[in-house]
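Before anything else, here's the structure in question.
Values in this document were obtained by computation on a predicted structure and should not be read as measured data. Heads up: numbering here begins at 1 and tracks the sequence.
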Amino acid sequence: MRTIFSPIAQRRWQRFKTHRRGLISLWVFGVLFFLSLGAEFLSNDKPILLSYQGRYYFPLFQSYAETEFGGFLQTEADYKDPYLKEILTSPGNWMIFPPNPHGYASINTQLTVPAPSPPDVVNRLGTDDRARDVLARLIYGFRLSVLFAMGLTAIGVGVGIVAGAVQGYFGGRTDLLLQRFMEIWGSMPELYLLIIFASLFQPSIWLLVALLSLFGWMGLADYVRAEFLRARNMIYVKSARALGASDSTIMFRHVLPNAITPVITFLPFRISGSILALTSLDFLGLGVPPSTPSLGELLSQGKANIEAWWLSLSAFVVLVVMMLLLNFIGEALRDALDPRKE
């Protein structure tokens, strides 16, 4: 059976599979991330499906007024309201809630103790200082962190590859000017810039991505530059020039595939670094808006409510698990792509 992968790629994949810790980590992280993409089906205060008087409704995808189910209010139905819940669970009617029947912003108004409340049968990991379910905020916070890190890593990798390729391939004055620019740009106080922009603009996830992308490409550009400097005088590059291939074709079709190894190797570590950056900024209050589910915000609440151990512990466990899985994947990739084992 023919395969689209080259023999080298197949050997590298076989070496990766022999690294059991990395392979298991890849599967576990992939499953967790896949499940988090459907967070609305795992944790939500709206039913996935309900049946009322023989008709089916899908509250996750469409808003319904309370009057639709025999209520009195024209506002969106609150499916946890005792009056409406009694109607929707009467004989002939039924509702199917997600496994965790709480949204990340829904507030438990039936607490018998002040918020933050400890874990119980209603809120399995307790509530935060605003009576919001901690488990729901962890699920949505995990998804936000991973998507943010992947987006930031993708931008940094794209810009870093282009910058490093241009420096390494052309060399000379081009390399010198770009190196001086990177030294000046890298010396700018990133945290101070974040504080300034946070005071000038409304905090948002897109603002954070834009600001952190301004600096996140430089580390990778150095590795790509070194690979292009090494390859620019090799025989296959000189042959491509002699055959009339354009510089862009040589750079991205011939040299880049041979220089991509450090890029792939560092991907898991860059993702983990981006997750820690978002968590740190949220902990300091410089990240996403307060209502957004965030691991850093939970850690900040745990610091402010030291007696509420479930806040810090739950966020800490999620972060540790993510970092361990990503680091194990990175170690396996590094061993699989090691050129000394070819």
Side-chain angles (χ1 to χ4, degrees), residues 31-148 202-206 288-295 297-298 301 308 310-311 314-315 318:
V31 169
L32 291 176
F33 177 58
F34 177 77
L35 291 175
S36 72
L37 292 178
E40 287 77 9
F41 294 92
L42 297 177
S43 183
N44 210 310
D45 55 1
K46 297 179 181 180
I48 299 174
L49 174 66
L50 68 85
S51 174
Y52 175 70
Q53 295 183 349
R55 295 182 59 188
Y56 295 101
Y57 298 84
F58 302 89
L60 280 184
F61 304 101
Q62 184 176 350
S63 298
Y64 301 101
E66 185 178 305
T67 53
E68 186 80 23
F69 308 110
F72 301 99
L73 302 177
Q74 295 289 340
T75 56
E76 184 178 359
D78 180 3
Y79 301 95
K80 289 190 174 182
D81 179 74
Y83 172 74
L84 189 60
K85 191 174 182 180
E86 182 179 357
I87 295 176
L88 293 176
T89 56
S90 59
N93 304 323
W94 46 265
M95 296 187 293
I96 300 178
F97 274 93
N100 185 48
H102 304 284
Y104 69 85
S106 58
I107 298 175
N108 188 348
T109 59
Q110 307 297 324
L111 291 178
T112 58
V113 296
S117 62
D120 55 27
V121 294
V122 177
N123 301 103
R124 298 178 180 89
L125 293 181
T127 64
D128 64 4
D129 59 2
R130 300 181 187 178
R132 298 172 299 192
D133 186 68
V134 171
L135 178 57
R137 296 188 70 80
L138 283 176
I139 295 173
Y140 285 88
F142 174 87
R143 181 176 68 176
L144 175 68
S145 298
V146 177
L147 289 176
F148 172 85
Q202 183 178 359
S204 69
I205 192 70
W206 302 112
V288 295
S291 60
T292 307
S294 164
L295 302 177
E297 188 213 14
L298 279 177
Q301 288 193 30
W310 54 91
L311 295 176
S314 57
V318 172

Counting C-beta onward and ignoring hydrogens, is there a side-chain heavy-atom pair between Glu66 and Asp78 closer than 4.5 Å?
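No. Closest side-chain heavy atoms not under 4.5 Å.
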Audit row: Leu135, His102, side chain to side chain contact (heavy atoms under 4.5 Å, CB included) steps and yes/no:
CA-CA 9 Å; Leu135 178 57; His102 304 284; over 6 Å; no
Check step by step if ring pair (Phe, Tyr, Trp, His ring centres under 6.0 Å) holds for Tyr57 and Phe69.
CA-CA 10 Å; Tyr57 298 84; Phe69 308 110; 5.0 Å; yes
So which heavy atom on Lys46 is nearest to which on Pro98, and how close?
O-CD, 3.4 Å
Spacing of Leu32 atom CG and Ile139 atom CD1 [to the nearest 0.5 Å]:
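Going from the CG atom of Leu32 to the CD1 atom of Ile139 covers 10.5 Å.
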Side chain to side chain contact (heavy atoms under 4.5 Å, CB included) for Met95 and Tyr52? Distances and angles first, verdict last.
CA-CA 9 Å; Met95 296 187 293; Tyr52 175 70; over 6 Å; no
Shortest non-hydrogen contact between Ser294 and Val288, atoms and distance:
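Between these two residues, the closest heavy atoms are CB-CG2, 4.1 Å.
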Could you tell me if the side chain of Val134 sits less than 4.5 Å from the side chain of Pro119, heavy atoms only?
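Counting from C-beta outward, Pro119 and Val134 never come under 4.5 Å.
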Write down the atom of Asp133, the atom of Arg124, and the distance for their closest heavy-atom approach.
OD1-N, 4.3 Å
Out of curiosity, Lys80 NZ to Ile107 CD1, how far, rounded to the nearest 0.5 Å?
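One gets 12.0 Å once the value is rounded to the nearest 0.5 Å.
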Between atom CG of Leu50 and atom OH of Tyr64, what is the distance when rounded to the nearest 0.5 Å?
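Nearest 0.5 Å value for the CG-OH distance: 7.5 Å.
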State, to 0.1 Å, how close Pro289 and Ser204 come at their nearest heavy-atom pair, and which atoms those are.
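Answer, listing the atom of Pro289 first, then Ser204: CD-CA, 4.0 Å.
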So among Thr112, Val122, Leu111, which one has a side chain to side chain contact (heavy atoms under 4.5 Å, CB included) with Ser117?
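Filter result, single survivor: Leu111.
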Can you tell me if Phe148 has over 12 outside heavy atoms packed within less than 6.0 Å of its CZ?
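Enclosed: over 12 neighbouring heavy atoms sit under 6.0 Å from CZ of Phe148.
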So, for Thr127 and Ala115, which heavy atoms are closest and what is the spacing to 0.1 Å?
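Scanning both residues, the minimum pair turns out to be OG1-CB, 4.3 Å.
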Check: Gly141 main-chain N/O paired with Ser145 side-chain donor or acceptor under 3.5 Å:
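Yes, because the side chain of Ser145 sits within donor-acceptor range (under 3.5 Å) of the backbone of Gly141.
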Any heavy-atom pair between the side chains of Pro116 and Asp129 that's under 4.5 Å?
yes
Test side chain to side chain contact (heavy atoms under 4.5 Å, CB included) on Ile205 and Thr292 and set out the steps.
CA-CA 9 Å; Ile205 192 70; Thr292 307; over 6 Å; no
Could you grab the distance from atom CG of Leu88 to atom CH2 of Trp94, nearest 0.5 Å is fine?
11.5 Å
Within a strict 4.5 Å, meaning less than it, do heavy atoms of the Pro118 and Trp310 side chains meet?
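Result yes, sub-4.5 Å side-chain heavy-atom pair found.
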Say you draw a straight line from CG of Asp45 to OH of Tyr79; how long is it, rounded to the nearest 0.5 Å?
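The distance works out to 10.0 Å.
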State, with a plain yes or no, whether a side-chain heavy atom of Asn44 is found less than 4.5 Å away from one of Tyr140.
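The answer is yes; the side chains approach within 4.5 Å.
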List the atom of Ala315, the atom of Leu295, and the distance in Å for their closest heavy-atom pair.
CB-O, 4.0 Å
Determine yes or no for a side-chain-to-main-chain donor-acceptor pair under 3.5 angstrom, with Arg132 supplying the side chain and Ala105 the backbone.
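Such a contact is absent between Arg132 side chain and Ala105 backbone.
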Which value, rounded to the nearest 0.5 Å, describes the distance between Leu60 atom CG and Leu49 atom CG?
9.5 Å
Contact between Leu311 and Asp128 at the side-chain level, heavy atoms closer than 4.5 Å - yes or no?
yes
